[in-house]
Undergrad: 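Here it is, the structure in full.
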Amino acid sequence: MASSIDILELLQRPATEVAPFLLGALVRHESPEGPVVVRLTEVEAYLGPKDSQDPDPGAHTYRGKTERNSVMFGPPGHLYVYFSYGMHFSANLVCRPEGTSSGCLMRAGEIVEGLDLARLRRPTAKRDSELAQGPARLAKAMGFGREHNGIAALGGEVTVTLPDRPTTAVMAGPRVGISGPGGTDEYPWRFWIGGDPTVSKFKPGVVRPPRRRAPAVQKTQ
DNA sequence: GGCGGGATATTCT
DNA sequence: GAATATCCCGCCC
């Protein structure tokens, strides 16, 4: 099943353009314990200093190359896995040619294969929709850790496959967990699939649609 | 279901 | 020393 869009060609472009096309994409990880596949429902774009005239203050690479973020400056189609808050891993797909530093953070998704293994890795999840509901949860359910930083993501242990058709119900809004200028809607670079139950519940700027008071009687199962 | 706080390593000031 | 591209748990509606 060849996708209508060539992924390597797509990944040459800035993360802000790539991100919407990653919605619905399948990320497969063949670990020694077994395979787990996630269908991405939420991603965030980050641009490096050279990827835009308007630098992205929210990006890890905003102040240039460091030991931690060096993979982001490498070739596209690789994983940038970083460790934060002293306990969590999160995974990005590197975009743009070598020397630049764009990337898409995989924020949430639906586990479509390897449910048992994902449940084992995420024992605190109460429901399957929570298995990869959030960047650190997704990384944990997929088994991504320090050892996956810099590995190829287009074949081998990890493979990303674009959906046959681009997702239509694309929503966009401010990014999450970023204080200061980078988090405002000047940078509406978080993309998600509208209405999907696996999209993360972000606190900041919680734009909950006004909950309509339901008639007390009806309960459609 | 919605808050507040704690945990904890790496990075940069 | 402070901040962090977060999650979990306990407590309170």
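Chain letters run A, B, ... following the sequence lines, proteins first, then strands; residues in each count from 1.
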Undergrad: Please determine whether a side-chain nitrogen or oxygen atom of Thr66(A) lies at a distance below 4.0 Å from atom OP1 or OP2 of dC12(B).
TA: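 Looking at the OP1 and OP2 atoms of dC12(B), one of them is under 4.0 Å from a side-chain N or O of Thr66(A).
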Undergrad: Is any N or O donor-acceptor pair between the side chain of Tyr82(A) and the base of dA5(C) shorter than 3.5 Å?
TA: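 By the distance-only test, yes, there is a pair.
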Undergrad: What is the distance, to the nearest angstrom, from the CZ atom on Arg68(A) to the C1' atom on dT10(B)?
TA: 7 Å
Undergrad: Nearest-Å distance, CE (Met87(A)) to P (dC7(C))?
TA: 11 Å
Undergrad: Taking only the P atom of each, what is the distance from dA5(C) to dC3(B) in whole angstrom?
TA: 22 Å
Undergrad: What is the nucleic acid contact for Arg122(A), judged by heavy atoms within less than 4.0 Å: base, sugar-phosphate only, or nothing?
TA: sugar-phosphate
Undergrad: Mind checking Ser90(A) for me? I need base, sugar-phosphate or nothing, with any heavy atom below 4.0 Å counting as a touch.
TA: nothing
Undergrad: Hey, are Asp196(A) and Arg39(A) close enough for a salt bridge, meaning a charged N less than 4.0 Å from a carboxylate O?
TA: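 Salt bridge flag = yes for Arg39(A) with Asp196(A).
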Undergrad: Please identify which of these residues, Val27(A), Ile111(A), Leu26(A), meets the side-chain contact (heavy atoms from CB on, under 4.5 Å) condition with Val37(A).
TA: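 The side-chain contact (heavy atoms from CB on, under 4.5 Å) with Val37(A) is passed solely by Leu26(A) among Val27(A), Ile111(A), Leu26(A).
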Undergrad: Send over the distance from Arg63(A) CZ to dA3(C) P, rounded to a whole Å.
TA: 13 Å
Undergrad: Does the plane of the ring in Phe144(A) sit parallel, tilted or perpendicular to the ring in His29(A)? Use 30° and 60° as the thresholds.
TA: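 Taking His29(A) first and then Phe144(A), their aromatic rings sit tilted (interplane angle of 30° to 60°).
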Undergrad: Check the distance between dG1(B)'s P and Gln133(A)'s CD and give it to me in whole angstrom.
TA: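 Rounded to whole Å, this separation is 11 Å.
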